[in-house]
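Take a look at the structure below.
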Amino acid sequence: MEIDVVGAQPITEEVLQTFDSIQVEGQSIIEINNEQALGIQILESAPVVRSSSTRYSLKCNDDRCVWCMRAFRIKDSTLFKIVKIEKNHDCSVNTMKADQRNATSKLISDYIIDNLRDPRFLYMFYAYGSSIAGWNHCRPMIVVDATFLNELRNAIGSRDNLIFLSDKHQSIAHGIAKVYPESHHGICIYHLEQNLRRRKVKSEVIKLFQSAARVYRRKEFDLYMSDIAKVDKKNFDYLMEEPLKRWARSCSPRRRYDMLTTNIVESMNFVLLEARELPILRMMDFIQVKLQRWFYERRNEAEGTFYDISCWVEEELKKKIDLTFTLNVFPVDSWRSRVEEEGITFLVDLNKRTCDCFQFQFNELPCIHEIAAIEKRNIKKSNFCSDWYLKES
């Protein structure tokens, strides 16, 4: 067969964006994407000798070899019909290998992934024994973006003062209300902030919202919301449509600690981003190895310190100690003290573990006023940290 190479054109993007192998009534029809077309050239040692919007021709590098393929575009279609193909090479292996480009890793991985994907697989739920056992020593808070709540309850049960944190997705809200009716469901303030930004609100309103969501005292919350109402009544009404107990820390009926966003879930999703493209068993192996390494490293870190509390809490308390030097402490009795900060007086009760700033109550960690009162009495600060933060936990 003689192929006319005069006027042959490079592969056009229009042609390369069509193509995937199918059979129609015994006829060979091809539709090849850009990478696959490149792969045909590479794997078959076949340079393109003619390419246009209506014709596609390949031949072997060796002029003496009969291998070739010719296809024409089907009228009013993006598909090409193969009109002639010689499948067997009769040239030497040296000729077949010469001057070939290498298939890209993306081409090979895409081919493997597409063939390994099981279209019947939808989802699965599993939990490691170490994670289930460790849950009893964690703060009673679960951050989710989507989950199998029935399976979750079967695996870990429920806890007193349990709180879920997620975005505003209604399916999650309905699921939590059905499976964990005794829990409280809070929403991520970042997602609520993004909703505000989509409404084209002023940056001043965004800052006021962030402050209102994060403060510990209801009095401060009311002041920030009042400022929002003065600046933008329409978006004030929008925020008030969402129950305050779901997004404002000061209004939450249960402790949210420092967990106001679903960042921890987003971080985990990022860690597993590449693993999601692996076959199911390989993905499970990846997750197991990753968690096993994290548990091992954190256990070694904790055992290598002489602290009674976790390394993270130790660092947090050190930061607060630096802020106590400007505070004035006036003991009232064995447990209570008045602590003054910039002209404002806070009553601290070490026995009840309370402070008028409410940070002690919400975080179950000493605030700067508690630390100042503790320092005055020369007591161990770790005695006033919740069990969640102890090294034994």
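The first residue in the sequence is number 1, and the count goes up from there.
The pair R299-E303 does not meet the salt-bridge criterion, since no charged nitrogen lies less than 4.0 angstrom from a carboxylate oxygen. In summary, R153 and E182 engage in a salt bridge, as defined by a charged side-chain N under 4.0 Å from a carboxylate O. Under the 4.0 Å criterion applied to side-chain N and carboxylate O atoms, R139 and E364 are not assigned as salt-bridge partners. K318 and D322 are not joined by a salt bridge, as no carboxylate oxygen comes within less than 4.0 angstrom of a charged side-chain nitrogen. Between R197 and E193 there is a salt bridge, since a side-chain N of the basic residue sits under 4.0 Å from a carboxylate O of the acidic one. Contact check on E375 versus K381 returns a salt bridge, with a Lys/Arg side-chain nitrogen under 4.0 Å from an Asp/Glu carboxylate oxygen.
R249 forms no cation-pi arrangement with F362, by the criterion of a distance under 6.0 Å to the ring centre and an angle within 45° of the ring axis.
Between L239 and N235, the closest side-chain pair of non-hydrogen atoms is not below 4.5 Å. Contact annotation: the side chain of V144 never approaches that of V265 to less than 4.5 Å [non-hydrogen atoms, C-beta and beyond]. Side-chain contact check for F236 versus V231: every heavy-atom pair is 4.5 Å or farther apart. Inter-residue side-chain proximity for R276 and N269 is flagged as met; some heavy-atom pair is nearer than 4.5 Å. In this structure, W135 and R159 have side chains that are in contact, with non-hydrogen atoms separated by less than 4.5 Å. By the 4.5 Å heavy-atom criterion applied to side chains, Y257 and L365 are not counted as neighbours. When side chains are defined from C-beta on, R70 counts as touching S57, because their heavy atoms get closer than 4.5 Å. Residues E220 and S211 have side chains not in contact (no heavy-atom distance under 4.5 Å, counting atoms from C-beta outward).
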Run the side-chain contact (heavy atoms from CB on, under 4.5 Å) check on F164 and I172 step by step: do they pass? CA-CA 10 Å; F164 281 86; I172 298 178; over 6 Å; no
Can I163 and M259 be said to form a side-chain contact (heavy atoms from CB on, under 4.5 Å), step by step? CA-CA 10 Å; I163 180 171; M259 306 291 286; over 6 Å; no
Give the intermediate values and the outcome of side-chain contact (heavy atoms from CB on, under 4.5 Å) for residues I176 and L149. CA-CA 7 Å; I176 292 172; L149 291 168; 3.9 Å; yes
List the steps, then state whether side-chain contact (heavy atoms from CB on, under 4.5 Å) holds for L196 with Y238. CA-CA 9 Å; L196 285 175; Y238 169 75; 3.8 Å; yes
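Sparse packing is recorded around CZ of R282, with 12 or fewer heavy atoms of other residues, nucleotides or ligands lying under 6.0 Å away. In K376, the NZ atom is not crowded: 12 or fewer heavy atoms of neighbouring residues, nucleotides or ligands sit closer than 6.0 Å. Within 6.0 Å of OH on Y224 lie no more than 12 heavy atoms contributed by other residues, nucleotides or ligands. Sparse packing is recorded around CZ of F270, with 12 or fewer heavy atoms of other residues, nucleotides or ligands lying under 6.0 Å away. Other residues, nucleotides and ligands contribute over 12 non-hydrogen atoms within 6.0 Å of the NZ atom of K391. A 6.0 Å sphere centred on CG of L223 holds more than 12 heavy atoms belonging to other residues, nucleotides or ligands. No more than 12 heavy atoms of other residues, nucleotides or ligands shown are found within 6.0 angstrom of OH on Y190. Counting heavy atoms of neighbouring residues, nucleotides and ligands inside a 6.0 Å radius, atom CD of E274 does not exceed 12 of them.
Residues satisfying the ring-ring contact (aromatic ring centres under 6.0 Å, His included) criterion with F330, sequence neighbours excluded, are absent altogether.
Interatomic distance, CD1 of I374 versus OG of S337, reported as 10.0 Å (0.5 Å rounding).
With E204 as the partner, the side-chain contact (heavy atoms from CB on, under 4.5 Å) test is satisfied by one option alone out of V201, L208, I206: L208.
In this structure, K320 contributes its side chain and I371 its backbone to no donor-acceptor pair below 3.5 Å. Looking at D356, its side chain does come within 3.5 Å of a backbone N or O of L347 through a donor-acceptor pair. Side chain of W67 to main chain of E86: a donor-acceptor pair is present (N/O by atom type, distance under 3.5 Å, no hydrogens or angles). Distance alone, capped at 3.5 Å, is enough to place a donor-acceptor pair between the D167 side chain and the H169 backbone. Judged by distance alone, the side chain of R254 and the main-chain N or O of L162 form a donor-acceptor pair under 3.5 Å. Looking at Q361, its side chain does come within 3.5 Å of a backbone N or O of C355 through a donor-acceptor pair.
Between L244 and M240, the shortest heavy-atom contact is CD2-SD, 3.9 Å.
Aromatic ring orientation, F346 versus H369: parallel (interplanar angle below 30°, classes split at 30° and 60°).
At a cut-off of 3.5 Å, with distance as the only test, no side-chain donor of N351 or R336 sits close to an acceptor on the other residue.
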Mind listing the side-chain donor-acceptor pairs of residues 307-315 below 3.5 Å, one per line with the distance, residues two or more places apart or on another chain?
unit_1: D308; atom_1: OD2; unit_2: K380; atom_2: NZ; d: 2.7
unit_1: D308; atom_1: OD2; unit_2: S382; atom_2: OG; d: 3.4
unit_1: S310; atom_1: OG; unit_2: V313; atom_2: N; d: 3.2

